A.B. asks: 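If you scroll down you'll find the structure; I have some questions about it.
Just so you know, these numbers come straight off a predicted model, no measurement behind them. No hydrogens, no waters, no symmetry mates; every other heavy atom, side chains included, goes into these values. Note that the numbering runs from 1 along the sequence shown for the chain.
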Amino acid sequence: MANKKLRRAGLPQDLCERLSRHQIITCRDFLCLSFLELMKMTGQSYWSVQKLFRTVSLSCAPRMQTAYEMKMKRALNPSAAFLPTTLEDLDKILHGGIACSSLTEITGPSGCGKTQFCIMMSLLATMPTNTGGLDGAVIYIDTESAFTAERLVEIAQHRFPNYFATEEKLIAMTNKVLVYQELTCDSVLKRIKSLEEEIISKNVKLIIVDSVASVVRKEFDTKRQGNLKERSNLLTKEASILKYLAEEFSIPVILTNQITTWLSDGLAVQADLLSPVDDLSLSEGSSRNGDWDSGYVTAALGNTWSHCVNTRLILQYLDSKTRQILVAKTPIAPLTSFLYIIENSGLVLQETDPKEQPCSNWEGINPALQAIKVRKDTFHNEAEMALSSFTL
């Protein structure tokens, strides 16, 4: 809430402009100043500044809600509570789809469909409300240059062929997807900080960051002293701002994450130590001797980050062709899995007999350490190289 812009806190416009010349933009900036500093900047009396301070404090303080108010708010407008994925069984388990006012993380190995899922959700958010969409714009922060407009159009034409039968509909839809390529940690953070006014002016109904891990892992070597703390501070700051935007505007935020190798038996207790082979090695915990005891692949960015997201969906490989969605963390659904394939229309769930559904290996109950399966055809050599080069 403290990241709210001052101009939305109830202060006069001319006063906000005067404060902005001193780089006082948000409620946090304002509340961090002393009364004396505010008197000098605003030219107002002590009592007037005290009144302004109270106004700003109340505007950014979370308002108390009863459980009944929260329940009725969602019951009166259920379509505003979720963004349906159009994957029927997944939406049913999630009580409607991707939850608004919260952070949803999509994690998994390279090539399993994380970006495909994000592009598909971008399309769905622009759709009219009578078709299950949110009828708004999408902000897509692309840190890996993975987004393609051609794929967005392809999914639209194959998933909703009747609706997108004309070029005008396609043009209108693509104009609603606002793509920003941000390739450094600073640029991603600055972009996130600047989103509030854009959400209002452009009727943004979905924010996507694909991926949150990419730039962070390039710039922070966690083996260097102090880097892990700095990285954690950056990630929690980004998560805090995104949570504020999600809650303030009742929109969903989707983040993609990468995978890392977690080594056990005393070799390492910190994820990300073997980042060069993140997407290849230790699919179910492999050791030098070929057993499955010394380590395994799990979501990157560690335990602190796992607590920042409200929902975690894991996309993983069961074999070279079959993929699986795991509902690994959510406050509203049980641990569940679904098989899926990727077609021209995006992700499509496969109908399977529950008795034939492959068992998911839920080792423990901590989603931060949930093992993720990757393709085994490329893993063994890379795992050997990683383990042989690792030293404490």
Side-chain angles (χ1 to χ4, degrees), residues 83-91 93-94 97-98 103-125 138 140-160 177 179 206-214 252-260 278-280 283-284 297-301 309 311-330 336-352 357-358 360 367 370-379:
L83 171 59
T85 67
T86 67
L87 304 175
E88 187 176 347
D89 291 340
L90 179 61
D91 286 342
I93 285 292
L94 295 177
I98 302 299
L103 307 189
T104 297
E105 180 197 76
I106 313 297
T107 189
S110 175
C112 63
K114 300 188 296 295
T115 296
Q116 302 286 325
F117 183 88
C118 290
I119 293 175
M120 188 174 81
M121 297 310 299
S122 298
L123 162 67
L124 297 173
V138 177
Y140 196 115
I141 300 175
D142 183 9
T143 68
E144 297 183 310
S145 301
F147 180 91
T148 63
E150 292 78 11
R151 181 58 175 143
L152 175 65
V153 171
E154 181 182 34
I155 293 175
Q157 290 177 320
H158 285 83
R159 205 167 195 91
F160 303 100
V177 182
V179 182
L206 172 64
I207 298 173
I208 294 175
V209 183
D210 181 24
S211 78
V212 70
S214 177
V253 174
I254 298 176
L255 311 157
T256 66
N257 192 4
Q258 298 175 344
I259 58 174
T260 192
D278 283 335
D279 291 339
L280 298 174
S283 62
E284 291 175 332
V297 162
T298 189
L301 303 183
V309 297
T311 301
R312 170 173 281 175
L313 302 180
I314 295 175
L315 307 186
Q316 68 176 7
Y317 294 100
L318 289 184
D319 53 44
S320 59
K321 295 182 180 180
T322 309
R323 297 175 174 91
Q324 185 182 54
I325 298 177
L326 303 179
V327 181
K329 174 189 175 184
T330 174
T336 317
S337 64
F338 305 96
L339 300 182
Y340 71 98
I341 57 176
I342 299 177
E343 297 184 342
N344 291 337
S345 59
L347 275 67
V348 178
L349 294 186
Q350 292 182 298
E351 294 185 6
T352 56
Q357 176 80 312
S360 299
Q370 171 61 42
I372 299 174
K373 298 178 181 178
V374 303
R375 286 177 293 191
K376 300 178 183 179
D377 52 348
T378 56
F379 121 77

A.B. asks: What pairs meet the salt bridge (Lys or Arg N to Asp or Glu O under 4.0 Å) rule with one or both residues in residues 142-152, with sequence neighbours excluded?
C.D. replies: Arg151-Glu154
A.B. asks: Going by the rule side chain to side chain donor-acceptor pair (under 3.5 Å), which residues pair with Thr311 if we only count those two or more places apart in sequence or in a different chain?
C.D. replies: none
A.B. asks: Going from CD1 on Ile207 to OG on Ser122, what distance comes out if it is rounded to the nearest 0.5 angstrom?
C.D. replies: 12.0 Å
A.B. asks: Does any pair with a residue in residues 103-123 pass salt bridge (Lys or Arg N to Asp or Glu O under 4.0 Å), and if so which ones, sequence neighbours excluded?
C.D. replies: Glu105-Arg312
A.B. asks: What heavy-atom pair brings Pro84 and Leu124 nearest, and what distance separates the two atoms?
C.D. replies: O-CD1, 3.5 Å
A.B. asks: Find the distance between CD1 (Ile106) and CE (Met121) and round it off to the nearest 0.5 Å.
C.D. replies: 8.5 Å
A.B. asks: Look only at the side chain of Ser337 and the backbone of Ile325, and say whether a donor-acceptor pair between them is shorter than 3.5 Å.
C.D. replies: no
A.B. asks: Taking Asp91 for the side chain and Thr85 for the main chain, is one N or O donor matched with an acceptor at less than 3.5 Å?
C.D. replies: yes
A.B. asks: Would you sort out whether Gln316 and Leu326 count as a side-chain contact (heavy atoms from CB on, under 4.5 Å), showing the intermediate values?
C.D. replies: CA-CA 8 Å; Gln316 68 176 7; Leu326 303 179; 3.5 Å; yes
A.B. asks: With rounding to the nearest 0.5 Å, note down the distance linking CZ in Phe117 to CG in Leu87.
C.D. replies: 6.5 Å
A.B. asks: Start with the C-alpha gap between Val297 and Thr260, add the side-chain angles, then the distance that decides, and say whether side-chain contact (heavy atoms from CB on, under 4.5 Å) holds.
C.D. replies: CA-CA 6 Å; Val297 162; Thr260 192; over 6 Å; no
A.B. asks: Applying ring pair (Phe, Tyr, Trp, His ring centres under 6.0 Å), can you list everything that pairs with Tyr317, at least two apart in sequence or on another chain?
C.D. replies: none
A.B. asks: Can you confirm whether Leu123 sits close enough to Val177 that some side-chain heavy atom of one is under 4.5 Å from a side-chain heavy atom of the other?
C.D. replies: no
A.B. asks: Could you walk me through whether Leu152 and Tyr140 satisfy the side-chain contact (heavy atoms from CB on, under 4.5 Å) test, starting with their C-alpha distance in whole Å, then the side-chain angles of each, then the deciding distance to 0.1 Å, before giving a yes or no?
C.D. replies: CA-CA 12 Å; Leu152 175 65; Tyr140 196 115; over 6 Å; no
A.B. asks: Could you pull out the closest heavy-atom pair between Ile314 and Ala328, with the gap in Å?
C.D. replies: CD1-CB, 3.7 Å
A.B. asks: Rounded to the nearest 0.5 Å, what's the gap from CD1 on Ile119 to CD1 on Ile155? Could you check?
C.D. replies: 5.5 Å
A.B. asks: Can you name the residues that form a ring pair (Phe, Tyr, Trp, His ring centres under 6.0 Å) with Phe160, not counting sequence neighbours?
C.D. replies: none
A.B. asks: When rounded to the nearest 0.5 angstrom, what is the spacing between CG in Leu313 and NZ in Lys329?
C.D. replies: 11.5 Å
A.B. asks: I'd like to check the side chain to side chain contact (heavy atoms under 4.5 Å, CB included) partners of Val153; sequence neighbours left out, ordered by chain and number.
C.D. replies: Gln157, Leu170, Thr174
A.B. asks: Please name all residues satisfying side chain to side chain donor-acceptor pair (under 3.5 Å) with Thr143, sequence neighbours left out, ordered by chain then number.
C.D. replies: none
A.B. asks: Under 3.5 Å, side-chain donor or acceptor atoms of residues 340-347 against the rest of the protein: list the pairs with distances, not counting sequence neighbours.
C.D. replies:
from	atom 1	to	atom 2	distance (Å)
Tyr340	OH	Cys112	O	2.5

A.B. asks: Listed by chain and number, what are the side chain to side chain contact (heavy atoms under 4.5 Å, CB included) partners of Ala125, not counting sequence neighbours?
C.D. replies: Leu83, Val138, Leu206
A.B. asks: Is the backbone of Ala300 close enough, under 3.5 Å, to the side chain of Asn257 for a donor and an acceptor to pair up by distance?
C.D. replies: yes
A.B. asks: With sequence neighbours left out, what residues match Thr322 under side chain to side chain donor-acceptor pair (under 3.5 Å)?
C.D. replies: Asp319
A.B. asks: Excluding sequence neighbours, so at least two apart, what forms side chain to side chain donor-acceptor pair (under 3.5 Å) with Thr86?
C.D. replies: Arg159
A.B. asks: How close do Thr256 and Ser211 get, heavy atom to heavy atom, and via which atoms?
C.D. replies: OG1-CB, 2.8 Å
A.B. asks: Considering non-hydrogen atoms only, spot the tightest contact between Cys118 and Ile208 and give its length.
C.D. replies: O-CD1, 3.4 Å
A.B. asks: Answer whether the closest heavy-atom distance between the side chains of Ile93 and Thr330 falls below 4.5 Å.
C.D. replies: no
A.B. asks: Taking all non-hydrogen atoms of both residues into account, name the closest pair between Ala299 and Ile372 and its distance.
C.D. replies: N-CD1, 3.6 Å
